[in-house]
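These values consider heavy atoms only, across backbone and side chains, with no hydrogens, waters or symmetry-generated copies.
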Amino acid sequence: MKNKNYMKLEFASKSTNEAFARVVVAAFASQLDPTIEEISDIKTAVSEAVTNSIIHGYENVEGMVTIESRIVDNEIEIIIKDEGKGIDDLEKALEPFYTSKPELERSGMGFTVMETFMDKLEVVSELEKGTKVRMIKKFKSLPNKE
Amino acid sequence: MKNKNYMKLEFASKSTNEAFARVVVAAFASQLDPTIEEISDIKTAVSEAVTNSIIHGYENVEGMVTIESRIVDNEIEIIIKDEGKGIDDLEKALEPFYTSKPELERSGMGFTVMETFMDKLEVVSELEKGTKVRMIKKFKSLPNKE
Amino acid sequence: MRLILDTIDENLIVKFKGELDHHTTEEARNKIDMWYFEKRKKNIIFDLRELNFMDSSGIGLIMGRYKTCKENGGEVFIVSSSSNIERILRMSGIYKIISVYPTVDSILENSLEG
Amino acid sequence: MRLILDTIDENLIVKFKGELDHHTTEEARNKIDMWYFEKRKKNIIFDLRELNFMDSSGIGLIMGRYKTCKENGGEVFIVSSSSNIERILRMSGIYKIISVYPTVDSILENSLEG
Ligand SMILES: Nc1ncnc2c1ncn2[C@@H]1O[C@H](COP(=O)(O)OP(=O)(O)O)[C@@H](O)[C@H]1O
Ligand SMILES: Nc1ncnc2c1ncn2[C@@H]1O[C@H](COP(=O)(O)OP(=O)(O)O)[C@@H](O)[C@H]1O
């Protein structure tokens, strides 16, 4: 039997919700019996994407961030979306160490972290429309039986 | 300054998600610095409402359960909704010990638990449309500053 | 949730660890009943001390076993110490028909004396 | 997140407990800089051993303090032992410019000798 599950979370783009978002995705992923390292990878990747939506997408104006997640067998898909200002030059944005906000002491490592800690990363962005980050991770463990 | 926050969660009506729903609401409420007892009250009330949507609303057919939550100052509002079969006789349903599913060993205490553990409970239901439970709890603690 | 089953004399001892909700009661119910009947026990002792969450599904589970035990001339006992679990047990009125004890031993001593 | 600040000689020791993300770095940054300048310290030692989460915001915070220290003729040191934190530190290339030690004492001994 296929192990399947789905959830969607929307929340206000407040920096207090970065920790909340991590807890939610980690709790959802926990049904896959992940290792501590796998959970840490997912929490870090989610934290990067959610932080980006809050500080780059909405630039601290309040908007809504959406996280959608699907589990199929031992694979988790996580989509993090905002309707913020979007990314002008996506290729440059994806480069390690590039940041448009050095004054906020951003390291420019966000996308690199997501890419390294997850198995797959896709970014779609449109100026003035928003940004959508899609990540996939395959877990080593066998899924829990229902 | 007013302490305000908002989140909305949708998930598949699977019984594994009962624990997930509790964790999410507890994590969201944790910004109010609740006591262990207050968190336990909220987790129990959420568990009752979500379980009802899964077993009574959808009768184990898969549908979506929605939890919306708002924090304003030291008050949390939690709305749990399904688009399941709805409740025929709401007055009877709210009576302690009444259950339409004694064969599943339901205790008929769900609504009584929600009422006792939260400060306010409102139920709206329409046959074949679904059920919406709205609960409010005021926390004793002062809200965290941002 | 972890379920630990044990027997002493004519008692089945059911120990829960973790969270007891609708999902986990479904898993526990069959195992408890199987042990109760296969090992021909009379009484069930629910040890709830290591449970950190229980909702009304747990009440339903205990009440269901209460009926089974009564039908077989047995009794149900509860061992509990956590205040959160106590609150829902008290609310449910279950203490009107089932006695609560602080330890498993205090039940066993009592039933030996009786 | 809890931030514990301490000074030994010309070193400011910054100890984090809990989770270091964008939200909590914002809280920590001002306090660290205030102590650094008010107490006229030269070096900063980041003790990350009790951190159970850090994302790239933490890298940004450390790199920012690295610049400040360099401008004031000082240095930055890291104390770390958790493998999860190690992974993001290594990935960021921060170890090319900042040295990591297993304990605070091993840094203090080193700088005394040096
Ligand atoms: N959700 C987003 N909305 C708008 N711009 C974004 C978003 N995410 C990333 N960016 C842009 O891409 C750049 C690189 O992102 P990232 O690698 O995460 O580094 P950092 O967050 O440290 O700047 C950001 O500086 C920003 O200009
Ligand atoms: N979301 C729902 N959808 C349909 N029926 C419901 C829903 N919630 C409650 N009910 C009805 O109300 C009755 C009483 O609910 P409750 O007090 O929670 O007891 P229990 O869940 O133990 O049956 C249920 O048995 C069911 O008939």
Over 12 non-hydrogen atoms of neighbours within 6.0 angstrom of CD in E83(A): no

Distance, nearest 0.5 Å, that separates NZ of K8(A) from OG1 of T66(B): 9.5 Å

Heavy-atom neighbours of E68(B) CD exceed 12 at 6.0 Å: yes

F11(A) side chain near L9(B) side chain, heavy-atom distance below 4.5 Å: no

Minimum heavy-atom distance between K14(B) and K4(A), given as atom pair plus value: NZ-O, 2.6 Å

Best-contacting candidate, S69(B), S15(B), A19(B), A27(B), against chain A by heavy atom pairs under 4.5 angstrom: A27(B)

NZ (K129(B)) with more than 12 external heavy atoms under 6.0 Å: no

Least distance between heavy atoms, N17(B) atom then F28(A) atom: OD1-CE1, 4.4 Å

Rounded distance [0.5 Å steps], OG1 in T16(A) versus CD1 in I71(B): 9.0 Å

Neighbour count >12 (heavy atoms, 6.0 Å) for atom NZ, K120(A): no

L127(B) CG: over 12 foreign heavy atoms closer than 6.0 Å: yes

